[in-house]
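Protein chains get the first letters and strands the later ones, always in sequence-line order, with residue 1 at the start of each.
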Number of protein chains: 2
Amino acid sequence: MLQKASQIEAEKPTPRQQAVLDAALGLMVEAGDQLTMTAVAARASCSKETLYKWFGDRDGLLSATVRWQASKVRVAPVDRARMDIAALTATLEQFASDWLTVITSKTSIALNRVAVAHAGSAKRGLGTIVLENGRFALAKRLKPVLEAARDAGLIAFDDAETAFRTFFGLVARDVQIRVLLGEKLKLSTVEITADARRATQQFLALHETGASFEARPGGSHLRMRKDVPVAYQVSRSARAPDKGKPRRRPPSS
Amino acid sequence: MLQKASQIEAEKPTPRQQAVLDAALGLMVEAGDQLTMTAVAARASCSKETLYKWFGDRDGLLSATVRWQASKVRVAPVDRARMDIAALTATLEQFASDWLTVITSKTSIALNRVAVAHAGSAKRGLGTIVLENGRFALAKRLKPVLEAARDAGLIAFDDAETAFRTFFGLVARDVQIRVLLGEKLKLSTVEITADARRATQQFLALHETGASFEARPGGSHLRMRKDVPVAYQVSRSARAPDKGKPRRRPPSS
DNA sequence: GCCGAACCGTAACGTACGGTACGGTTGACG
DNA sequence: CGTCAACCGTACCGTACGTTACGGTTCGGC
C-alpha cells in the first residue's frame, strides 16, 4: 500500500491525496456540517474504500484535512536585523492584518466550526491542531519580535506571553466569536488595515517606552482621546532594574 | 393543548417544561454532542411525544434550551448616579470579572459549542440567540456606563461601540476561542480578578483623560512599562469640537 | 364513578451515514 | 500478453437517531 493511515499523520500527502483533502476542505467550507464520506468521495472522484485506506476513518480524514490546511498557511518566520519603531510598527500591523484576514476567511471559519464541534465530543484532537497552528503558531512567531523590540528599548513588558495576549485581544476583539456564531461580518481590506493600525497603536500606547515614542512617526494616529490632549504618565512607581524577570505569572498558563 | 410549539417561542415555559429544559441543559454540558431526544426524555422522565408536542422538533428544543439559559443569566442594568473614577473602575472590573466567569463556565462553553456547530448548518438561529444574549447584551449594558464616564470627563472616546470592543478584547483576549477549542483552562477566581484588573487598567490607560488620572487611586496598578517611567502624550493632533460624532463607522456593524 | 386531556413508557418506522465488500478498470512491469 | 497492485464505482450492512404511533396511567371536572 502506498500510504497507511498511520503514516499519513506524519508524512506529506501525495498530490492525489492533496486533491482529496482540497475537496474535503471545499466541502467543509460550503456545506459545513454536511461533510460525509460519500460527499467527499463524490467530489474528489474517488472511492470510499480509498478514503478509508488512506485516512483510516472519518476522524482521520478530518484531522488530515485540518493539518493540510494548516500546512498551506505556514509562513516564513520574521527576522529583523534592524529593529526600530518603524519596523516594529510595520511588523505588528502586518501580523494584525494577516490575523484578521485569516480569522474572517471562510476557510478558517469552517475549520474552526468543525474543530469546536469536535472538541465537544470525547476525542478533541482537532481543537488542539487548530489551536496549535493558529493562536499558538502566531504567538511563536510574534514573541521574538516583541522581545527584540524590548531588547532594542522600544517597548517594555514583563512577560512576553502576557504582552502577546494583549496584542491578540486588541486585534481580534469580538471578531472571531461573532463570525463563528454565524454573524455576517465582511471586513474589507481597508477596514482590516485600519483595524490593524488601531490595534498596533493601542498596543504601542500601552507598552512603548518614552524613547520610542519620541522617535515614532505615527504618534498622531492614536486618537482614542480626542478632546483632552494631555500629558500623563503611567507606572510612576516602577523602577528600572528587574528587566526581563516577570513579576508574576500570567493568568493564562 | 397546554403549550403549542409555536407558542413556546415567546412564552415563558411552565415549571415542568423548565425542568425538561434544565435536563437538556445538563445533558448539553455533560455529554456535549450526545444530546439526543431519547437522552433528554430519559433524563427529564418525560416521553418523547411530549418533547415533540412542546418543542416541535429537535431544533425547537435546542432553541428553547438556549433561550432558557439566556433568561436565567439576565441581570439588572447598572445605573450610577455618581460617576467618579473609583466607581468607573469598580464597574469595569465587575463587568470584566463577570464576563470572564461566564465565558469560562461549562454551561457557556457547551452552549456556544452547540450554537457554533449550528451556525455552520443552514438554519443558524442559535448563533444569533447566543450572540444577542451574550456579546450584544454585554455591550448594551456597558455602553451607558462608558458614555456616562465620558460625560463626566473621566474618559474620552469617539465611538462607544469601538470603545466597548476595545474593552471586550482586552478582557477576553484568547480565552473564549481556547476553551471552545477544548483547551483545559481553569481560571481561578483570583486569576479572574487579576485579569479583570489588568484589562480595566489597560482600558483606562488608553482612554482616560488627564483629569481622571490625577484623581485615580490605582494609577500604579498599570505596570506594562516597567523600566522607563516617562511622560508621554497621545492624540496631540486631536481637537475638541466633534464630541459624540463617530469619525467613521466601526467595522463591525 | 365516568370522561377526556395530558402525559409516560416503549415500541416501531424511516433514513442518513459510517464503514465494508466486491466486481471492473487502469497502468506499470516483466 | 499476463500479472498484480492501486483504484473507482456501487451495492450493501449495521447502527444511531429523529420522528411517529399506541397502550397504559394520572388527574381534574361533572
Side-chain angles (χ1 to χ4, degrees), chain A residues 1-8 11-24 27-28 30-66 114 117-118 120-123 125-126, chain B residues 1-8 11-24 27-28 30-66 114 117-118 120-123 125-126:
Chain A
M1 59 192 75
L2 199 71
Q3 295 266 6
K4 263 211 323 244
S6 58
Q7 292 176 328
I8 209 171
E11 298 183 8
K12 198 160 88 87
T14 68
R16 179 70 180 113
Q17 289 171 342
Q18 293 179 11
V20 171
L21 293 177
D22 278 330
L27 215 48
M28 202 181 280
E30 295 173 22
D33 52 342
Q34 306 219 21
L35 189 81
T36 78
M37 301 299 275
T38 305
V40 173
R43 171 171 295 215
S45 293
C46 73
S47 74
K48 291 209 293 181
E49 193 179 26
T50 303
L51 289 185
Y52 283 100
K53 186 191 294 183
W54 284 349
F55 306 107
D57 58 359
R58 186 172 185 271
D59 272 340
L61 174 61
L62 256 53
S63 175
T65 305
V66 171
V114 172
H118 199 92
S121 162
K123 46 208 178 320
L126 288 193
Chain B
M1 60 191 72
L2 199 69
Q3 295 267 4
K4 262 209 325 241
S6 58
Q7 292 178 327
I8 206 172
E11 298 183 7
K12 199 160 88 93
T14 68
R16 180 68 179 117
Q17 290 171 341
Q18 294 178 11
V20 171
L21 293 177
D22 279 329
L27 215 49
M28 202 180 281
E30 294 172 24
D33 53 341
Q34 306 216 20
L35 189 80
T36 77
M37 301 298 277
T38 305
V40 173
R43 172 171 294 214
S45 293
C46 74
S47 74
K48 292 206 277 181
E49 191 179 27
T50 302
L51 291 185
Y52 283 98
K53 185 191 294 183
W54 284 349
F55 305 107
D57 58 0
R58 187 172 184 271
D59 271 340
L61 174 61
L62 256 53
S63 176
T65 305
V66 171
V114 173
H118 200 91
S121 163
K123 45 208 179 317
L126 288 191

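- Whole-Å rounding puts the B:M37 CE to C:dC8 P distance at 13 Å.
- Put simply, the side chain of B:L27 does not reach to within 4.5 Å of the side chain of B:Q34, judged on heavy atoms.
- With values rounded to the nearest 0.5 angstrom, B:R16 atom CZ is found 7.0 Å from B:S45 atom OG.
- Remark: A:L51 CG to A:Q17 CD distance equals 10.5 Å, nearest 0.5 Å.
- Closest to the side chain of B:T36, from the set C:dG18, D:dG18, C:dC8, is D:dG18.
- Residue B:D59 contributes atom CG, which lies 13 Å from atom C1' of D:dT19 at whole-angstrom precision.
- What separates CG of A:L27 from P of C:dC17 is a distance of 11 Å, to the nearest Å.
- In terms of phosphate contacts, A:T38 brings no side-chain nitrogen or oxygen within less than 4.0 Å of OP1 or OP2 of C:dC17.
- Note that the OG atom of B:S47 and the NZ atom of B:K53 stand 8.0 Å from one another [nearest 0.5 Å].
- The side chain of B:W54 places an N or O atom within less than 4.0 Å of a non-bridging phosphate oxygen (OP1 or OP2) of C:dC7.
- Between A:Q34 atom CD and C:dC17 atom P there is a gap of 7 Å when expressed in whole angstrom units.
- Put simply, CD on A:Q17 is 12 Å from P on D:dA6, counting in whole angstrom units.
- Relative to the side chain of B:K53, the nucleotides C:dA6, D:dG9, D:dC7 differ in distance, and C:dA6 lies closest.
- For A:E30, the salt bridge (Lys or Arg N to Asp or Glu O under 4.0 Å) partners are A:R43, not counting sequence neighbours.
- Distances from the side chain of B:R58 to the nucleotides C:dT20, D:dC7, D:dG18 place D:dG18 closest.
- Residues A:L21 and A:F55 are in side-chain contact: their nearest non-hydrogen atoms beyond the backbone lie under 4.5 Å apart.
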message = Would B:L62 and B:V66 count as a side chain to side chain contact (heavy atoms under 4.5 Å, CB included) here? Give the steps.
response = CA-CA 6 Å; B:L62 256 53; B:V66 171; 5.6 Å; no
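- In this structure, CG of B:L35 is placed 16 Å from C1' of D:dT19, rounded to the nearest angstrom.
- Between B:L51 atom CG and C:dG9 atom C1' there is a gap of 12 Å when expressed in whole angstrom units.
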message = I need a per-nucleotide contact map over nucleotides 10-15 of chain C, read 5' to 3'. Cutoff is protein heavy atoms under 4.0 Å; write B for the base, S for backbone only, - otherwise.
response = -BB---
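- Following rounding to the nearest Å, A:Y52 (OH) and D:dA11 (P) show an atom-to-atom distance of 17 Å.
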